Amino acid sequence: MEILLWIMIVVLFGISIAGIFLPVLPDLILLWIGFLLYQFVLVDPGAAGLPPSFWWGMGILSLFSYGADLLTNLYFVKKSGGSRLSSIAGIAGILLGIFIIPPFGMILLPFALIIAVETLIQKQPLDKAVKVGVGSLIAFLGSAVVKVFIQLTMIAWFFIAIF
């Protein structure tokens with residue numbers, strides 16, 4: 001039974017990493033389920049389990065991970081001259097893109113929607129709209145890189161804490 005639980009924890013960790021690129025999967029929630037499964041199912045009732053510093057660290061890193069999406073999107077769309085409406089279009093494009101030609105839809109649809117918003121609603125020239133669209137792509141990729149690093153750090157910390 002213990003081996004099966006360890007397999008479940010490792011699978012949850014792997015799916016959480018995949019969730020960074022497939023927003024349908026709740027990446028950090030799956031990671032936390034793995035931590036909690038270890039703490040409350042694998043650890044003997046009398047044993048201490050994971051130390052409080054681990055839980056505090058995971059909480060802080062989780063906040064950083066959530067902030068990575070918001071901050072990178074705001075930074076790159078704003079830096080490339082995009083409007084607030086373009087940011088909303090980018091988020092809508094990611095959510096819709098999951099279901100339309102996945103996984104490419106979540107990259108291409110935000111790009112297309114941002115260009116549409118900038119040219120049709122904001123009345124910007126096409127070259128500026130494309131620049132904002134490229135900014136959204138950079139934001140998505142930048143956020144993914146940061147989140148992968150954070151989650152790998154969390155997983156490594158977990159294994160260091162249990163051994």
Side-chain angles (χ1 to χ4, degrees), residues 7-38 54-161:
I7 291 170
M8 287 175 56
I9 290 169
V10 170
V11 167
L12 285 167
F13 290 174
I15 295 172
S16 76
I17 298 292
I20 293 169
F21 302 99
L22 300 169
V24 169
L25 300 172
D27 54 343
L28 282 176
I29 293 172
L30 294 170
L31 196 62
W32 274 85
I33 290 171
F35 298 154
L36 295 171
L37 190 61
Y38 171 80
F54 171 83
W55 296 108
W56 280 104
M58 293 306 105
I60 291 167
L61 288 174
S62 294
L63 290 174
F64 283 153
S65 183
Y66 280 123
D69 281 333
L70 177 63
L71 294 176
T72 55
N73 191 16
L74 290 175
Y75 176 78
F76 283 107
V77 171
K78 184 176 180 177
K79 185 166 178 72
S80 60
S83 65
R84 177 166 161 72
L85 196 53
S86 291
S87 294
I88 294 169
I91 292 168
I94 289 171
L95 295 174
L96 291 172
I98 294 165
F99 303 106
I100 301 171
I101 56 171
F104 303 108
M106 60 188 252
I107 297 170
L108 298 176
L109 195 57
F111 180 76
L113 287 177
I114 287 172
I115 290 174
V117 164
E118 286 295 316
T119 56
L120 301 175
I121 297 173
Q122 300 297 101
K123 306 294 186 207
Q124 297 293 330
L126 183 60
D127 62 330
K128 182 173 185 212
V130 169
K131 181 181 176 187
V132 176
V134 169
S136 75
L137 293 175
I138 293 170
F140 174 77
L141 296 173
S143 173
V145 168
V146 169
K147 289 176 74 171
V148 165
F149 176 75
I150 290 171
Q151 285 195 20
L152 288 175
T153 300
M154 293 170 79
I155 292 168
W157 190 345
F158 169 78
F159 284 110
I160 291 168

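Computed from a prediction, not measured in an experiment: that's the story for all the values here.
- In terms of modelled atom types and a separation under 3.5 Å, the side chain of Lys128 and the main chain of Gly81 share a donor-acceptor contact.
- Within the model, atoms CG of Leu152 and CD1 of Ile20 stand 7.5 Å from one another, a figure rounded to the nearest 0.5 Å.
- Residue Ile29 qualifies as open at atom CD1: its count of foreign heavy atoms under 6.0 Å is 12 or below.
- Here the straight-line distance linking atom CD of Gln124 with atom CD1 of Ile114 works out to 13.5 Å at 0.5 Å rounding.
- For Ser65, there are no side-chain hydrogen bond (donor to acceptor under 3.5 Å, both in side chains) partners, not counting sequence neighbours.
- Between Tyr38 and Phe158, the two ring planes are perpendicular [angle over 60°; tilted spans 30° to 60°].
- For the atom pair Ile17 CD1 and Leu12 CG, the distance stands at 12.0 Å (nearest 0.5 Å).
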Less than 3.5 Å apart, which donor and acceptor atoms pair up between the side chains of residues 132-147 and the rest of the protein, not counting sequence neighbours?
from	atom 1	to	atom 2	distance (Å)
Ser136	OG	Gly133	O	2.6
Ser143	OG	Asp69	OD1	2.4
Lys147	NZ	Asp27	OD2	3.2
Lys147	NZ	Asp69	OD2	3.0

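- Note that the CD1 atom of Ile9 and the CD1 atom of Ile155 stand 11.5 Å from one another [nearest 0.5 Å].
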Quick one: side chains of residues 84-101, donor-acceptor pairs under 3.5 Å with protein atoms, not counting sequence neighbours, listed by atom name and distance.
from	atom 1	to	atom 2	distance (Å)
Ser86	OG	Ser83	OG	3.2
Ser86	OG	Glu118	OE2	2.2

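- Here the closest heavy-atom approach between residue Phe13 and residue Gly34 is recorded as CE2-CA, 3.9 Å.
- More than 12 heavy-atom neighbours from other residues, nucleotides or ligands sit within 6.0 angstrom of CZ on Phe54.
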(request) For side-chain contact (heavy atoms from CB on, under 4.5 Å), just list the numbers for Ile7 and Val10, CA-CA rounded to whole Å, side-chain angles, deciding distance to a tenth of an Å, and then say yes or no. (result) CA-CA 5 Å; Ile7 291 170; Val10 170; 5.9 Å; no
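- Of the inter-residue distances, the one linking Ile150 atom CD1 with Ser62 atom OG reads 9.0 Å to the nearest 0.5 angstrom.
- Contact record, Trp157 with Met58: CE3-CE, 3.1 Å, taken as the closest heavy-atom pair.
- Taken from CG in Leu61 to CG in Leu31, the straight-line distance is 10.0 Å, to the nearest 0.5 Å.
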